[in-house]
Each structure stands twice: as structure tokens, then as C-alpha cells.
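Working notes, structure below.
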Amino acid sequence: MTMRDRLRAGVGAALREAGVSEAAEFSVERPRRASLGDWSSNAALTCASSAGTAPRRLAEQIAASMRADPPAHVEAVEVAGPGFVNFRLAPSWLHEVLTEVVSATSDGYARSDVGAGRTVSVEFVSANPTGPLHAGHGRWAVYGDAVCRLLERGGYRVLREFYVNDRGGQIDRFAASLEQARSDSDSSESGGYRGDYIAEWAAEMPADADVRQWGLRRARHDQTETLDAMGVTFDLYTSEAELVARGAMDDILEELHRRGVVYKLDGALLLRSSDFGDAEDRVVVKSNGEPTYFLPDIAYHHEKFGRGDTVIDVLGADHHSYVPRMRAALAALGLDIDAYEARVGQVVNLRRGGESVRMGKRSGGMVLMSDLLDSVGADITRLVYLLQSIDTTLSIDLDALSAQSSENPVYYLQYAHARIRSLGRQAAARGVERVPLAEADLSVLCGERELDVLRTLADLPDITLSAMQARAPHQITAWARNHAATFHRFWHDCPILSSETDENLRQARLWLVEAARTGLAVALDILGVSAPERLAPVDEPAAEAASSR
RNA sequence: GCCCUCGUAGCUCAGUGGAUAGAGCAUCGGUCUCCUAAACCGUGUGCGCAGGUUCGAUUCCUGCCGGGGGCACCA
């Protein structure tokens with residue numbers, strides 16, 4: 001039973017004792033400021049009106065009743081502010097947290113079963129197979145993957161999905177560009193693809209190759225390689241061409257007809273999407289008889305509903321208008337629209353020095369994801385993308401990124417982990433052994449530095465749950481930075497192997513850092529950043545850090 | 001014009017329907033005979049503007065201003 005559960009039960013009982021029959025929703029939280037106590041409840045505030053009592057007075061009643069029979073570890077119950085009930089706890093509650101973290105290990109701590117094994121289909125990246133991934137795709141690759149990791153920790157089964165738009169006009173243009181680059185390296189057709197890779201790929205292409213097929217394979221291979229390098233793998237790639245070939249698109253078209261949600265106009269077939277919340281009706285079959293991208297896309301989403309209890313699309317703001325359209329199509333098919341969720345994130349703005357670098361395959365001049373990975377590595381790349389909310393425009397200055405890579409926040413986190421691992425090696429070298437946890441006297445951990453570390457650890461399960469529900473992995477990044485800070489402060493002030501440290505305290509601190517390391521490892525795992533055994537000192541040539549992701 | 005999104009410290013960003021809004025960077029100044037100083041400590045007049053809902057709004061709603069994105073029988 002967690003501390004929160006105990007307090008919640010206590011407050012609930014106190015409310016009943018105070019004669020509040022219909023208790024409103026109330027929270028039990030860690031207050032922002034430590035001076036207000038270890039835990040706090042707003043129950044008196046939210047229940048006051050239905051109880052017909054003044055908040056402060058109800059709070060006093062709750063406090064009095066809880067003082068009479070306090071939950072474990074509770075030392076003081078106070079009423080403060082407009083009617084908060086605050087709890088001060090003995091450090092023993094944090095020692096309990098330590099034990100909990102260590103026994104759960106990084107695999108089990110901050111894990112929940114809210115997903116109860118339900119399946120979530122998460123589609124992300126889905127870059128067109130017409131070129132390499134650029135730095136803009138990277139944001140969705142890393143974000144999508146981190147969201148999946150959060151969902152997995154929350155007890156969901158996750159399907160990482162990638163949709164390949166390997167048919168249609170863009171592919172025609174891509175093939176034409178390759179063809180032309182092969183025959184004529186000079187001019188390039190307007191509207192075609194102009195990135196440097198076109199010429200390079202054209203040069204690689206065997207003379208007898210089917211340009212279209214070869215180009216698609218080349219692009220997909222390139223993208224997969226880059227994704228692998230950043231630790232992102234997919235469970236399911238769905239080819240639009242194959243989907244059409246096996247009749248899924250025709251089936252959906254038939255279904256749309258049967259439901260009477262399409263109509264002919266000027267030779268084209270339109271979906272009545274405006275009847276389902278979209279701004280206007282959308283063309284699904286062009287007047288030339290060709291389907292738009294939209295039709296197979298509807299078929300694809302229909303399939304995703306078949307394998308996921310929840311279907312999530314991760315897309316950039318440049319595609320946000322697609323959301324009401326897809327939502328309308330799914331509603332038109334009679335699917336449960338609440339199970340569909342689109343996460344729209346802002347674009348990535350790249351700068352080199354002061355100048356902004358334009359993105360887009362057709363304009364050329366893009367920053368390749370593979371180049372970024374080569375220059376700063378996967379860990380920095382991932383953390384940079386996970387530093388802030390996807391609601392903000394992410395600005396990456398490439399020059400600053402490489403120049404300041406040694407000051408990157410990722411090292412702040414990894415160094416904390418490496419320090420603890422280093423301690424283990426030092427301890428072994430000095431013949432210091434850690435006694436079993438059950439034999440350690442944790443009650444000696446009572447300094448503020450020590451308790452602060454445990455307090456942040458206690459928060460991790462809540463943060464993880466919240467980050468998962470909000471699909472906001474940057475909350476984990478923020479927690480990790482805060483946790484690393486409390487750890488570094490502790491480390492600075494609390495020697496462990498020093499001969500001046502009492503043996504009991506040393507043992508307790510050895511377990512404290514193991515708990516701190518475990519929590520950090522959980523966060524790094526969710527972020528997909530490696531938790532290294534050591535970091536190369538900054539002055540020496542970068543040694544390869546042993547890593548366990 | 002319409003739609004989406006953002007506006008918090010010099011800069012980059014966290015944050016919350018509540019009780020005194022936080023980090024990092026930058027600046028300046030301190031810490032290694034001591035478990036890696038990629039660390040630690042000190043240094044701060046800020047929620048774009050105006051209404052509304054609420055016991056309480058930086059947070060929710062509306063309008064305005066400003067930045068970004070989108071409004072194809074492209075994907």
C-alpha cells in the first residue's frame with residue numbers, strides 16, 4: 001500500500017466521521033513546497049460546499065479525526081492556508097520508499113498495470129519512402145518511441161507502426177528524379193526531388209534496375225538503418241501499395257458506399273466528412289478514377305482499429321488538418337472515435353549559426369538524421385528531442401549542439417549514473433561489501449540531502465503515470481534532471497567510502513545510491529538514453545562508454 | 001479570412017484550478033592532499049493585454065495583440 005493510498009483512506013474515513021456523506025473528488029499530493037509538509041490534501045476545500053461547512057472548519061475536523069488514529073509514519077496533521085490538511089511524516093516513510101525501489105529494480109519500479117494488457121497501436125514517423133530521414137522526422141521518431149516505452153511501463157501492449165506511402169504521385173516524381181539524375185547529372189526537372197542523395201543514389205543504381213522498385217527499397221533501407229541507429233524499431237510496416245493490392249482499399253470503398261457516406265461530384269467521389277465534423281467534404285476518388293492518398297489511409301486506419309484498443313497517430317503540425325478528416329472518416333465508418341487519438345507536435349526549426357536551415361526533400365539543403373547521429377550520437381540526439389514538450393517549436397542550433405556537446409544535459413544525467421557505478425568499483429577495490437538490504441539500518445538516513453533523494457524517488461511512479469497519460473515524455477526528462485540534481489548535491493555533501501563515515505551510515509548510503517541509480521535507470525530507459533557504467537573524463541579522449549540501455 | 005498551436009526570468013524552457021511560480025544556460029564570484037570538478041555553492045522586480053467562470057485563475061472560457069504551422073482531385 002502506497003503512502004498516498006494510506007492517506008487517502010485516512011482522509012476518506014475522516015470525512016465520513018465528519019458526516020460528509022457524499023465526498024467530492026479530492027486529491028492527496030506532495031505539496032510544492034517542503035515547508036508545507038510531506039503530503040497534503042485539498043479534501044476540505046472540495047467537500048466544503050456539499051458538507052455545508054466552512055473549508056477551514058472541515059479541515060480542522062479532518063485533522064482532529066486523523067490525529068486520533070494516524071496512518072503509518074504520520075507524525076503531524078496540520079491545517080493551513082484556505083483549508084489544506086497537511087501531513088508531516090517521519091523519515092521512515094522514505095526508508096520504505098528506498099526498500100520499495102531496490103526490490104522493484106529498474107525493471108519493476110514505476111511500473112503500473114493501468115493498461116491491463118490492452119493494446120495500443122502507435123503510428124509515428126511514417127516518412128515517405130522518397131529519401132532519407134531528416135532532423136524533422138527525428139522528433140517524431142524519438143517522441144513516438146518514448147511514448148511507447150511509457151505505455152509499456154503502464155501495462156499496455158504496444159504496436160509500433162510505420163505506414164509507407166509507396167504509391168501515388170510523389171513516388172512517380174521520385175522515380176523520375178532518379179531516372180533523370182542517372183541520365184543527366186546537369187539539370188533537374190522543376191518539381192522533382194533535388195536533395196544531394198538523389199545524385200548519389202542514382203549513381204549507385206544498377207543499369208538494369210527497375211528505378212521505382214529500386215528507389216523505394218533504397219529509401220526504406222536508408223530510413224530503417226537510421227531508425228535503428230537511434231534505437232527506434234517498429235513492429236509493423238504497412239505498405240500502401242500492398243494494402244491496395246490485397247483489396248483492403250476496395251473493401252473500404254464498398255463499405256463507404258454501403259453506408260451512404262460518399263457521393264459523386266464532377267466525376268469525383270467525395271466523402272461526406274463535413275457531416276462528421278470536418279470543415280468540408282473530401283475527395284476519395286479523383287475524377288480520373290485514381291484514389292487519393294486518403295482512401296487507402298482510411299483503410300489502413302480501419303485495420304489499425306482491428307488490432308488496437310486505442311489508435312494513436314503522431315504527426316507534425318504541418319499535417320494537423322488531416323486529423324478532423326480522419327476522425328470524420330472513422331466516424332463515418334461507425335468506429336468508436338474515442339479510441340482514436342492524434343498527437344500533433346510543432347515543427348523542428350534547425351539553425352546553423354544564426355541562419356535557419358530549410359527542410360524538405362524537394363528543396364534540398366536538409367539536415368539528415370544520420371548526419372546528426374554521426375556528429376553527436378544517439379543519446380544526445382534523443383535527449384535533445386525529449387527536452388521539451390512537443391507543443392513547442394523545437395529549435396536546434398546544429399553548431400551549438402556539436403560545440404557544446406560536452407555540456408549537454410544528457411551528461412548531467414549519465415554522470416550521476418556513472419558516479420554510482422564507479423562507487424561500486426571503488427568499493428570492490430577497497431574491499432567494502434554491501435550487507436543485505438534487510439540488515440542495513442536505514443534509520444540513519446536522516447540528513448536533508450539524503451531525504452531529498454528519496455523524496456524525488458517517491459515521485460517517480462506518479463510522474464510516470466502522468467507522463468504516460470499526457471503522452472508527455474518530457475515530464476520524465478524534467479524529473480530525471482531534478483533527480484540527478486538532488487543526487488549530485490547528496491554526493492557532494494555525503495561521503496560514503498571515506499574512513500570518517502560510520503559503517504552503519506556507509507551501508508545505508510550504499511543502498512541509498514543504489515535506489516537513486518535504479519530510479520535514474522528507469523527514467524533513462526523510458527527516454528531510451530543509455531545508462532553508462534562510466535563516463536570518460538572530459539579532458540581525455542572519449543573512451544567508449546559501456547552502456548546498458 | 002478560417003482552423004491548429006504557442007506567448008512564463010536576458011536566452012532556452014519546466015510547471016499548477018489553490019497556499020511564497022521553478023530549472024538550465026549566460027553573467028559575476030567561490031569550492032578538488034577527499035568515492036571522476038561532465039560536479040557542488042552563492043548571485044533573479046517574470047506568467048503578452050482585456051474581460052468572464054470560480055471561495056481561489058499564470059492554469060479553464062471569450063476577445064485582442066504577437067510568433068509558428070495549415071487551409072489541393074499533393075502526401
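Just so it is clear: chains get the letters A, B, ... in the order the sequence lines come, proteins before strands, and each one is counted from 1.
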*Would you call the rings of Tyr143(A) and Trp140(A) parallel, tilted or perpendicular, where under 30° means parallel and over 60° means perpendicular?*
perpendicular

_With a 4.0 Å cutoff (strictly under), does any side-chain N or O of Arg481(A) reach OP1 or OP2 of rC13(B)?_
no

*rC73(B) base to Ser287(A) side chain: any donor-acceptor pair below 3.5 Å?*
yes

*Counting heavy atoms from C-beta on, name the nucleotide in rG69(B), rA38(B), rA75(B) closest to the side chain of Asp318(A).*
rG69(B)

*Nucleotide of rC35(B), rU36(B), rC40(B) approaching His492(A) most closely (side-chain heavy atoms)*: rC40(B)

_Nucleotide rA38(B), atom P - distance to CG of Leu413(A) in whole Å_ = 15 Å

_Counting the atoms with a prime plus P, OP1 and OP2 as sugar-phosphate, which does Leu45(A) contact under 4.0 Å by heavy atoms, base, sugar-phosphate, or nothing?_
base

*Check whether any side-chain nitrogen or oxygen of His474(A) sits under 4.0 Å from OP1 or OP2 of rG15(B), and answer yes or no.*
yes

_Neighbour count above 12 (heavy atom, 6.0 Å) for Glu433(A) CD_ = no

*Side chain of Tyr293(A): nearest nucleotide among rA39(B), rC35(B), rA75(B)?*
rA75(B)

*Any side-chain N or O of Ser422(A) less than 4.0 Å from the OP1 or OP2 oxygen of rU36(B)?*
yes

*Go through rA19(B), rA75(B), rG68(B) for me and flag the one nearest to the Val347(A) side chain.*
rG68(B)

_Residue-phosphate contact under 4.0 Å: Tyr415(A) side-chain N/O, rC35(B) OP1/OP2_ = no

*Which part of the nucleic acid does Asp266(A) contact within heavy-atom distance under 4.0 Å: base, sugar-phosphate only, or nothing?*
base

*Does the cation-pi check pass for Arg8(A) over Phe26(A), that is, NZ or CZ under 6.0 Å from the six-membered ring centre and within 45° of its axis?*
yes

_Can you tell me the base-pairing partner of rG17(B)? Count Watson-Crick or G-U wobble geometry only, both distances below 3.5 Å, and say none if there is no partner._
none

*asked:* Side chain of Ile496(A), heavy atoms from C-beta onward: which of rC35(B), rG68(B), rA14(B) has the nearest atom to it?
replied: rC35(B)

_Between rU58(B) and rC47(B), how many Å separate the two P atoms, rounded to a whole number?_
10 Å

*Does a nitrogen or oxygen in the side chain of Lys286(A) sit under 4.0 Å from OP1 or OP2 of rA72(B)?*
no

*Do we count Tyr412(A) as stacking onto rA38(B) if the rule is ring centres under 5.5 Å and planes under 30°?*
no

*Heavy-atom donor-acceptor pair, His320(A) side-chain to rG69(B) base, under 3.5 Å*: yes

_Closer than 4.0 angstrom, basic N to acidic O: yes or no for Asp459(A) and Arg455(A)?_
no

*Heavy-atom distance under 4.5 Å between the side chains of Tyr411(A) and Leu383(A), does that happen here?*
no

_Can you check the distance between rG15(B) and rU20(B), where both ends of the measurement are the C1' atom (answer in whole Å)?_
15 Å

_What's the gap between rU43(B) and rU31(B) when it is taken at their C1' atoms, as a whole Å value?_
16 Å

*Quick one: the side chain of Ser40(A) and the base of rA19(B), do they pair up donor-acceptor inside 3.5 Å?*
yes

*Choosing from rA38(B), rC73(B), rA75(B), which nucleotide comes nearest the side chain of Gln170(A)?*
rA75(B)

_Could you tell me how far rU53(B) sits from rA72(B) if I compare only their C1' atoms? Round to whole Å._
41 Å

*If the P atom of rG46(B) is compared with that of rA23(B), how far apart are they to the nearest Å?*
16 Å

*asked:* Using heavy-atom distances to pick each residue's nearest nucleotide on RNA chain B, tell me which of Arg489(A) and Glu407(A) is more 5'.
replied: Glu407(A)

*rC3(B) and rG51(B): how far apart are their C1' atoms, nearest whole angstrom?*
24 Å

*Write down the partner of rC64(B) under the Watson-Crick or G-U wobble criteria, each distance required to be under 3.5 Å.*
rG48(B)

*Quick one: sort the Phe234(A) and Phe124(A) rings into parallel, tilted or perpendicular, breaks at 30° and 60°.*
tilted

*Answer with yes or no whether Asn86(A) presents, from its side chain, a donor or acceptor under 3.5 Å of a partner atom in the base of rA19(B).*
yes

*Watson-Crick or G-U wobble mate for rU33(B), both contacts under 3.5 Å*: none

_Mate of rU12(B) where both pairing distances stay under 3.5 Å, Watson-Crick or G-U_ = rA23(B)

*Provide the Watson-Crick or G-U wobble partner of rA38(B), both distances under 3.5 Å; none if there is no partner.*
none

*When the nearest nucleotide of RNA chain B is assigned to Leu497(A) and to Glu280(A) on a heavy-atom basis, which residue is associated with the more 5' position?*
Leu497(A)

*Which part of the nucleic acid does Arg506(A) contact within heavy-atom distance under 4.0 Å: base, sugar-phosphate only, or nothing?*
nothing

_Cation-pi geometry met for Arg4(A) and Trp39(A) (6.0 Å, 45°)_ = no

*To the side chain of Arg33(A), which of rA75(B), rG22(B), rA14(B) is closest?*
rG22(B)

*asked:* Within 90° of 0 counts as syn, otherwise anti: where does rC61(B) fall?
replied: anti

*Is Arg57(A) atom CZ crowded by more than 12 heavy atoms from other residues, nucleotides or ligands, each under 6.0 Å away?*
no

*Taking the side chain of Ser395(A) as its heavy atoms from C-beta onward, which of rC13(B), rA14(B), rA19(B) lies nearest to it?*
rC13(B)

_Between rG17(B) and rC32(B), how far apart are the two P atoms, rounded to whole Å?_
45 Å

*With P as the reference atom in both, quote the distance from rU59(B) to rU54(B) in angstrom, rounded to an integer.*
16 Å

*Ser321(A) side chain: which of rA75(B), rG70(B), rU5(B) is closest?*
rG70(B)

*Ignoring backbone atoms, establish whether Gln426(A) has a side-chain N or O less than 4.0 Å from OP1 or OP2 of rC35(B).*
no

*Report the nucleotide, chosen from rU12(B), rA38(B), rC40(B), that has the shortest atom-to-atom distance to any side-chain atom of Gln388(A).*
rU12(B)

